[in-house]
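Just so you know, these numbers come straight off a predicted model, no measurement behind them. Worth knowing before you read on, the calculation uses all heavy atoms, side chains too, and leaves out hydrogens, waters and symmetry mates.
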Amino acid sequence: MALMGASDPSSEAEASEEKPFLLRALQIALVVSLYWITSISMVFLNKYLLDSPSLQLNTPIFVTFYQCLVTTLLCKGLSTLAACCPGAVDFPTLRLDLRVARSILPLSVVFIGMITFNNLCLKYVGVAFYNVGRSLTTVFNVLLSYLLLKQTTSFYALLTCSIIIGGFWLGVDQEEAEGTLSWTGTLFGILASLCVSLNAIYTKKVLPAVDGSIWRLTFYNNVNACVLFLPLLLLLGELQALCHFAQLGSAHFWGMMTLGGLFGFAIGYVTGLQIKFTSPLTHNVSGTAKACAQTVLAVLYYEETKSFLWWTSNMMVLGGSSAYTWVRGWEMKKIQEDPSPKEDEKSSLGV
């Protein structure tokens, strides 16, 4: 997913071994920090755009549409730059093929649901509860893997999922006890979690249609989303609401909207960067730690007071997610290290 200078993986590995430990540690720290800053900033900025009393913009679908439009234009711009300056920027050539766009359409519908429900959840719940509100992604991953792919899950992985579910319900209970619970926002959070899981499954199915390129998939997804959002904007009356918006001609408003789109595009890049410099397992752990920091920052920024059980619910969700990541990583490592039964049988039969 790197934008600059693609290189051979083996040469990258040799180069990383030659680098001093301090330099490699500094690189990893910078990449992880960049991921944290981008992700947390995007959440707080989207909260401002979706639910700021000073802005009073009640058009969540338009905000999401505009971010997709910015991502589409950035992808096309980088593709053009790569064609004009070969070697300076490593980015795939992007040409809109309607047949490919149609084949991507089922994923695009799920993608629209994912980003829309994410933003709607953030609109109706506080940033502090946002992580708990959409914490069931792991649970849906396990459930959908069984229902759609017929993949079973180990007892220990299921145990970590039960911890996440328990933390979610405790968080909902504590939000209700404090009088800050939004059932609408919680429902959108559950739907967002479901769509994130479906998005991961459908992505694997349609990647061959774009030659395995994540950037091409990003481009087609956002192009389809821009087209599909237009009738929704008309049906929901958001275009009419936008015409009566007091700050429609404000440079500050459009600057913040564009910045939100830039963060939405950048999160895909920095996610790939973090995985490249660390590992998928470390990326998941970093994401969990980032969610914890984001929750603490939100409580401090909005000057909220939370109960011990509220914090316990967050720790259960984060702890369960971390435990699931560790269990799955351990299981994958064990599968790679242990020889398959078929190989044992073949060796014993001398075949």
Between Asn141 and Ser197, a side-chain donor and acceptor under 3.5 Å: yes

Pairs satisfying salt bridge (Lys or Arg N to Asp or Glu O under 4.0 Å), at least one member in residues 311-330, at least two apart: Arg328-Glu331

Heavy-atom check, side chain of Ser52 versus side chain of Leu57, under 4.5 Å: no

Side-chain donor-acceptor pair present, Thr180, Glu175, cut-off under 3.5 Å: yes

Residues Lys123 and Asn58: side-chain donor-acceptor under 3.5 angstrom: yes

Contact list for residues 49-66, test salt bridge (Lys or Arg N to Asp or Glu O under 4.0 Å), sequence neighbours left out: Lys47-Asp51

Cys75 and Thr218, any side-chain heavy atoms less than 4.5 Å apart: yes

Cation over ring face, Lys333 and Trp330, 6.0 Å, 45°: no

Approximate separation, where rounding is to 0.5 Å, of Phe263 CZ and Thr71 OG1: 13.0 Å

Contact summary for Asn118 and Val196, nearest pair of heavy atoms: ND2-CG2, 4.5 Å

same_hphob_cluster(Ile40, Leu259) at 4.5 Å side-chain heavy-atom cutoff: yes

Same apolar cluster: Leu96 and Trp215, side chain cutoff 4.5 Å: yes

Residue pair Ser307 / Gln174: nearest heavy atoms and the distance that separates them: OG-OE1, 2.9 Å

Where Glu304 and Ala298 come nearest, the two heavy atoms and their spacing: OE1-O, 4.4 Å

Atom pair CG/OG1 of Leu194 and Thr137 - distance to nearest 0.5 Å: 9.0 Å

Asn221 side chain reached by Ile104 side chain, heavy atoms, under 4.5 Å: yes

Heavy atoms of other groups near Leu22 CG, more than 12 under 6.0 Å: no

4.5 Å side-chain heavy-atom contact, Leu262 and Leu74: yes

Chi angles and distances behind the side chain to side chain contact (heavy atoms under 4.5 Å, CB included) call for Met316, Ile164: CA-CA 6 Å; Met316 287 177 68; Ile164 296 172; over 6 Å; no

Working for side chain to side chain contact (heavy atoms under 4.5 Å, CB included), residues Cys195 and Phe111: CA-CA 7 Å; Cys195 288; Phe111 172 74; over 6 Å; no

Common cluster, Val227/Leu239, ILVMFWY with side-chain heavy-atom separation under 4.5 Å: no

Residue pair Leu49 / Met257: nearest heavy atoms and the distance that separates them: CD2-SD, 4.0 Å

Distance in Å, Thr271 OG1 paired with Lys276 NZ, rounded so as to fall on 0.5 Å steps: 14.5 Å

Flag for Asn46-Gln67: side-chain donor and acceptor within less than 3.5 Å: yes

Candidate pair Val299 and Trp311, rule side chain to side chain contact (heavy atoms under 4.5 Å, CB included), full reasoning: CA-CA 11 Å; Val299 171; Trp311 286 109; 3.8 Å; yes

Residues which pass ring-ring contact (aromatic ring centres under 6.0 Å, His included) with Trp254, listed by chain and number, not counting sequence neighbours: Tyr66

Same cluster (ILVMFWY, side-chain, under 4.5 Å), Phe129 and Phe117: no

Heavy atoms of other groups near Phe245 CZ, more than 12 under 6.0 Å: yes

Pairwise distance CD(Gln27) to OG1(Thr278) - rounded to 0.5 angstrom: 12.0 Å

Atom OH of Tyr302: over 12 foreign heavy atoms under 6.0 Å: yes

Residues clustered with Leu158, ILVMFWY side-chain links under 4.5 angstrom: Val142, Tyr324

Do any side-chain atoms of residues 181-190 form donor-acceptor pairs under 3.5 angstrom with protein atoms, and if so which ones, sequence neighbours left out?
residue, atom, partner, partner atom, Å
Ser182, OG, Gly185, N, 3.0
Thr186, OG1, Ser182, O, 2.9

Residue pair Phe168 / Val132: nearest heavy atoms and the distance that separates them: CD1-O, 3.2 Å

Qualifying ring-ring contact (aromatic ring centres under 6.0 Å, His included) pairs, either residue in residues 191-212, two or more places apart: none

Contact summary for Tyr35 and Ser286, nearest pair of heavy atoms: CD2-OG, 4.0 Å

4.5 Å side-chain heavy-atom contact, Tyr124 and Leu50: no

Common cluster, Val270/Val285, ILVMFWY with side-chain heavy-atom separation under 4.5 Å: no

Heavy-atom side-chain contact between Cys68 and Ile115 under 4.5 Å: yes

Interatomic distance, His283 atom NE2 to Ile275 atom CD1 [nearest 0.5 angstrom]: 4.5 Å

Side-chain touch Phe65/Leu230, heavy atoms, less than 4.5 angstrom: yes

Steps toward side chain to side chain contact (heavy atoms under 4.5 Å, CB included) verdict (Thr138, Cys161): CA-CA 7 Å; Thr138 300; Cys161 288; 4.2 Å; yes

Side-chain touch Thr153/Tyr146, heavy atoms, less than 4.5 angstrom: no

Side chains of Asn224 and Ser108, donor plus acceptor under 3.5 Å: yes

